[in-house]
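Everything on this sheet refers to the single structure shown next.
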Amino acid sequence: MRLLLVEDSRLLRERLRGMIRAVPGCEIVAEADTEADARLRVDQLRPDVIVLDLRLRGGSGLSVLDYVKARQPDVIVIVLTNYGDAEYRARCLDLGADYFFDKSRDIDTFLGVLAELQLRLFDAAGDDAGMVGTAADAAGKRGAT
């Protein structure tokens, strides 16, 4: 599963990179920290999944979300933000976000969803050799390593 990581904080991007790489089958194809760079990477790389922060240097994750869903509606967008209140959640879902998670509370759930998506996309591609189990199994294996 090809993933674009859009996060303005270098430190948090590094932490997320390590967590995402621990999910079997997840490949981070690029990272972006600005709205302009995120748009460029979306157009160039056409990722399967975008992990998107709402606060970006030189713009907004909301604008990126709107841009992505207008051009590539099949791309799965996971909003991962510190602004987890109901207003932001509703706005993101209205713009087409597939998932919305609060960084401070939902990291484990976010990682479980990534594992589940990877299994679903992998199976849909017909390449499921060696990939047996559920997202919970994958999450358990990550925790054990």
If hydrophobic clusters are built by linking Ile, Leu, Val, Met, Phe, Trp and Tyr wherever their side-chain heavy atoms come under 4.5 Å apart, do L65 and Y99 end up in the same one?
no
Check whether Y83 and L12 end up in the same hydrophobic cluster, where Ile, Leu, Val, Met, Phe, Trp and Tyr are linked by side-chain heavy atoms less than 4.5 Å apart.
no
Side-chain donor-acceptor pair present, Y88, D102, cut-off under 3.5 Å
no
Name of the residue among I50, L3, V49 meeting side-chain contact (heavy atoms from CB on, under 4.5 Å) with I78:
V49
Given E14, R41, R13, the one that forms side-chain contact (heavy atoms from CB on, under 4.5 Å) with E31
R13
If you count the non-hydrogen atoms of other residues, nucleotides and ligands that lie under 6.0 Å from CZ in R15, is the total more than 12?
no
For a quick test of reading the model, state the closest non-hydrogen atom pair linking C26 to M1 and the distance between them.
SG-CE, 3.1 Å
Measure from the side-chain N and O atoms of E7 to the backbone N and O of S9, and report whether any donor-acceptor pair falls under 3.5 Å.
yes
Sidechain-backbone polar pair: D53 side chain, T81 backbone, donor-acceptor under 3.5 Å:
no
Determine whether L16 and L80 make a side-chain contact, defined as any pair of heavy atoms from C-beta on separated by less than 4.5 Å.
yes
Side-chain heavy atoms of Q118 within contact of L114, under 4.5 Å
no
Contacts of type ring pair (Phe, Tyr, Trp, His ring centres under 6.0 Å), residue F101, not counting sequence neighbours
none
Sorted by first residue and then second, give each salt bridge (charged side-chain N to carboxylate O under 4.0 Å, His left out) pair with at least one member in residues 80-101; sequence neighbours left out.
K69-D98
